[in-house]
Amino acid sequence: MSETQTLHAAFAAKIDAVLEALEAEAVLPAGVSRSNVTVEPPRDPSHGDLATNAAMVLAKQAKTNPRALAEKIVEKLSDDPLIDAAEIAGPGFINLRLANANWLREIGTIAALKGDYGRSVRGAGRTVNVEYVSANPTGPMHMGHCRGAVVGDALAALLEYAGHTVIREYYVNDAGAQVQTLARSAHLRYREALGEDIGEIPEGFYPGDYLKPVGQKLADEFGDAYVAAPESEWLGLFREKSVAAMMDMIRADLAMLGIHHNVFASEAELQAAGKPEAAEKWLRAHDLVYDGVLEAPKGKTPEDWEPVELPLFRSTRFGDDQDRPIKKSDGNWTYFGADLAYHMQKAEKADELIDIWGADHAGTVKRIKAAVAALSEGEGKPIPFDVKLVQMVQLLRGGEPVKMSKRSGNFITIADMVEEVGKDVVRFTMLTRKPEAQMDFDFAKVVEASKDNPVFYVQYAHARIASTRRKAAAENIHPADDSLDLLGEAELALVKLAAQFPRQVEAAAQAREPHRIAFYLYDLAAAFHAFWNLGNDDPSKRIILSDKVNLTQSRLFMADQIGQVIRNGLALLGVEAVEEL
RNA sequence: GCGCCCGUAGCUCAGCUGGAUAGAGCACGAGACUUCUAAUCUUGAGGCCACAGGUUCGAAUCCUGUCGGGCGCACCA
């Protein structure tokens with residue numbers, strides 16, 4: 001065990017070694033799968049510090065009963081000096097009571113590892129591409145994008161912390177009809193900037209004021225050169241310029257949330273490089289694309305529906321309800337056709353792909369998963385691919401829904417939100433709910449400085465620790481670790497919870513669920529507040545005791561490490577750890 | 001009609017990929033401020049985990065069906 005191995009890692013390894021040994025003794029069959037074995041703190045603390053289900057999970061494979069197997073495991077653990085007691089309980093749990101030295105040592109481990117306490121190598125450097133946001137470059141970021149942006153960003157940070165190499169990617173849909181509309185809308189604003197009265201923005205154009213500066217810039221750059229020119233002369237140019245302007249705006253919006261992507265992948269470039277053609281060719285060669293006619297949609301048949309022959313991808317082979325067109329009848333690629341090629345492109349540089357989508361795209365998950373399965377399995381290296389859907393957020397203000405109208409360009413933007421309630425509130429609130437459940441976001445509630453608001457609660461715990469340190473420093477007492485053995489049960493209980501952080505990181509990363517970190521931090525903060533308040537009833541339990549310098553130094557040192565864990569967790573969520581409120 | 005997500009305390013939500021007696025916050029009842037920040041804490045009450053079957057040593061968790069809520073169901077993105 002190295003100096004800086006976390007307690008969690010050490011005991012997981014210990015159990016693993018025992019099982020390995022039992023395998024060598026043929027108590028367990030060779031090559032038995034240990035993936036279901038867990039080592040974790042039991043819910044009920046009276047059951048000890050750690051519990052493992054190893055005996056129950058492996059009993060069947062070992063052709064014995066759980067308790068008999070548990071005895072063999074306990075036998076190997078009982079002479080370990082770091083374990084005070086190993087007991088078999090219930091149906092075959094093994095409960096471990098750890099020597100206090102473990103926890104005192106863990107305080108030192110946190111202090112030594114600092115910002116790296118909780119960092120894991122579990123990901124083994126495997127490259128994961130997380131694609132998130134990918135909002136169309138036709139306007140500012142609005143609320144609909146916010147949750148996916150925050151969840152994707154926190155997930156990326158979490159995976160990185162868990163030992164993966166992470167590519168944060170944004171797919172820029174700069175090739176479809178929507179960006180042509182953008183270009184035409186920008187052309188209107190361009191004429192407006194040159195003094196023309198354009199009146200009401202017509203139906204079918206983007207009406208938002210955010211295009212005015214774009215028009216002005218185009219006017220400054222090109223004068224009146226394109227006012228009367230045919231569309232063919234300016235459409236491409238204006239598209240490029242206005243998309244670039246939109247992306248600048250989007251990047252600025254994302255920066256307000258603390259989000260920065262590594263890669264902005266252009267759909268137009270993807271198409272210019274002939275990637276969709278290459279994908280189609282490959283799929284046709286493997287009989288996964290054929291020319292066929294779609295059935296009329298069931299339930300409601302559109303009036304203008306007519307059967308047309310199109311190149312179809314056999315997504316039904318992979319569980320989709322219908323084969324899906326990759327090209328439109330006008331010869332352009334469908335969104336799906338290009339997206340399929342795009343995923344192939346992402347897979348070239350990653351071992352694993354994750355997409356974060358809004359729930360309104362749920363209907364297209366099957367086809368894209370089918371496509372990735374087809375492309376990667378066909379090439380003999382299946383790429384794990386996951387689409388995480390984030391559900392809708394309903395905006396409220398004092399319980400009343402906030403009205404928005406997309407048509408008039410009147411919607412709540414991310415910039416509005418961050419300005420009103422702050423980045424930390426937006427991020428933390430979005431992360432204190434599992435993404436697949438719908439959520440309400442009430443402007444009135446999230447800014448309340450305590451009640452329904454976990455952000456302040458967690459930050460307050462961190463601020464209290466900082467304030468205590470300042471207060472002690474004024475008395476010339478500073479944190480020190482040379483007499484940690486003065487710490488009692490109350491402190492150790494807190495340390496035990498903090499020691500769970502590395503395990504929480506691994507579990508959250510494996511499940512791809514950053515919200516678990518938020519809930520864990522809430523629990524840790526609650527434990528700290530409770531610890532703090534012990535000093536109200538019993539002054540000897542206060543952290544600062546002027547007449548007991550050694551104990552004070554130790555408590556300060558311990559508290560600092562709790563603060564460190566809170567900082568590490570908040571960093572994963574992209575939330576500031578403040579020194580005072 | 002079909003697909004996906006959700007349904008856990010009065011309300012808002014967790015529940016660690018199937019574990020031991022299902023947990024927090026708010027609200028409600030009872031308490032703790034000459035303080036290291038009471039922006040906090042202690043304590044009580046509150047549950048047929050939507051419903052019905054199934055899988056097994058064991059289910060809130062997995063499977064099937066029913067009911068209820070949300071989202072989607074073009075060659076749109």
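The side chain of D537(A) lies closest to rA32(B), out of rA32(B), rC16(B), rA77(B). Among the nucleotides rC75(B), rG19(B), rC6(B), the one closest to any side-chain atom of L294(A) is rC75(B). Each of rC36(B), rA77(B), rC75(B) was ranked by its minimum atom distance to the side chain of V308(A); first place goes to rC75(B). When distances run from any side-chain atom of N533(A) to the nucleotides rA39(B), rA32(B), rC57(B), the shortest one goes to rA32(B). Each of rC36(B), rA20(B), rU40(B) was ranked by its minimum atom distance to the side chain of I544(A); first place goes to rC36(B). Comparing atom distances between the A177(A) side chain and each of rC16(B), rG19(B), rA77(B) picks out rA77(B) as nearest. If you check rC71(B), rG19(B), rC36(B) against the side chain of M392(A), the one that comes closest is rC71(B).
Counting only residues at least two apart or on different chains, the side chain to side chain donor-acceptor pair (under 3.5 Å) pairs with a member in residues 515-526 of chain A are E513(A)-R516(A). Listed by first and then second residue, the side chain to side chain donor-acceptor pair (under 3.5 Å) pairs that reach into residues 424-435 of chain A are D153(A)-R427(A), D424(A)-Q459(A), sequence neighbours excluded. Residue pairs meeting the side chain to side chain donor-acceptor pair (under 3.5 Å) criterion with at least one member in residues 525-540 of chain A, sequence neighbours excluded: R464(A)-H529(A), D538(A)-S540(A).
With a 3.5 Å limit on both pairing distances and Watson-Crick or G-U wobble geometry required, the stems of 3 or more pairs in RNA chain B span B:1-7 with B:67-73, B:10-13 with B:23-26, B:28-32 with B:40-44, B:50-54 with B:62-66.
OP1 or OP2 of rC4(B) has not a single side-chain nitrogen or oxygen of K388(A) nearer than 4.0 Å.
Judged by the 6.0 Å distance and 45° axis criteria, R324(A) is not positioned over the aromatic ring of F313(A).
rG3(B) atom C1' lies 9 Å from atom CG of D320(A), rounded to whole Å. In this structure, CG of D360(A) is placed 8 Å from C1' of rC71(B), rounded to the nearest angstrom. We find that CZ of F456(A) is positioned 19 Å from P of rG25(B), with the value rounded to whole Å. Rounded to whole Å, the distance from CZ on R464(A) to P on rA39(B) is 8 Å. Atom CD of Q322(A) is separated from atom P of rC2(B) by 16 Å (rounded to the nearest Å). Atom pair L534(A):CG and rC36(B):P shows a separation of 16 Å (rounding to whole Å applied). Protein atom CZ of R324(A) is 8 Å distant from nucleotide atom P of rC75(B), rounded to whole Å.
Within 4.0 Å (heavy atoms only), Q510(A) reaches at least one base atom of the nucleic acid. Nucleic acid contact for D538(A): none, since no nucleic acid atom lies under 4.0 Å from a heavy atom of the residue. Across all strands shown, A59(A) has no heavy atoms under 4.0 Å from either base or sugar-phosphate atoms. A51(A) comes within 4.0 angstrom of a base, heavy atoms only. In this structure, A530(A) reaches the sugar-phosphate backbone alone: every heavy-atom distance under 4.0 Å involves primed, P, OP1 or OP2 atoms, never a base. In this structure, Y522(A) reaches the sugar-phosphate backbone alone: every heavy-atom distance under 4.0 Å involves primed, P, OP1 or OP2 atoms, never a base. Counting non-hydrogen atoms under 4.0 angstrom, P91(A) reaches a base of the nucleic acid.
Atom NZ of K328(A) has more than 12 neighbouring heavy atoms from other residues, nucleotides or ligands inside a 6.0 Å radius.
Scanning for side chain to side chain donor-acceptor pair (under 3.5 Å) contacts around S315(A) gives D320(A), with sequence neighbours left out. Residues satisfying the side chain to side chain contact (heavy atoms under 4.5 Å, CB included) criterion with E309(A), sequence neighbours excluded, are D291(A), V293(A). Taking F531(A) as the reference, nothing meets the ring-ring contact (aromatic ring centres under 6.0 Å, His included) condition, with sequence neighbours excluded. Taking the side chain to side chain contact (heavy atoms under 4.5 Å, CB included) definition, one finds that R317(A) meets it with D287(A), L288(A), R314(A), sequence neighbours left out.
Residues V243(A) and V179(A) approach most closely at CG2-CG1, 3.8 Å, considering heavy atoms.
With P as the reference atom, rA50(B) and rU61(B) are 8 Å apart, rounded to whole Å.
Side-chain atoms of S467(A) and base atoms of rC36(B) include no donor and acceptor less than 3.5 Å apart. In this model, a side-chain donor or acceptor of R503(A) finds a partner on the base of rC16(B) within 3.5 Å.
Salt bridge annotation for K346(A)-E169(A): absent, with no cationic side-chain nitrogen under 4.0 angstrom from a carboxylate oxygen.
Stacking here means ring centres nearer than 5.5 Å and ring planes tilted less than 30 degrees, and by that measure H361(A) does not stack onto rG72(B).
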Could you pull out the protein-nucleic contacts involving nucleotides 9-15 of chain B (nitrogen or oxygen on both sides, under 3.5 Å)?
unit_1	atom_1	unit_2	atom_2	d
rC13(B)	OP1	R433(A)	NH1	3.2
rC13(B)	O5'	R433(A)	NH1	3.4
rA14(B)	OP1	K434(A)	N	2.5
rG15(B)	OP1	H515(A)	NE2	3.1
rG15(B)	O2'	R43(A)	NH2	3.3

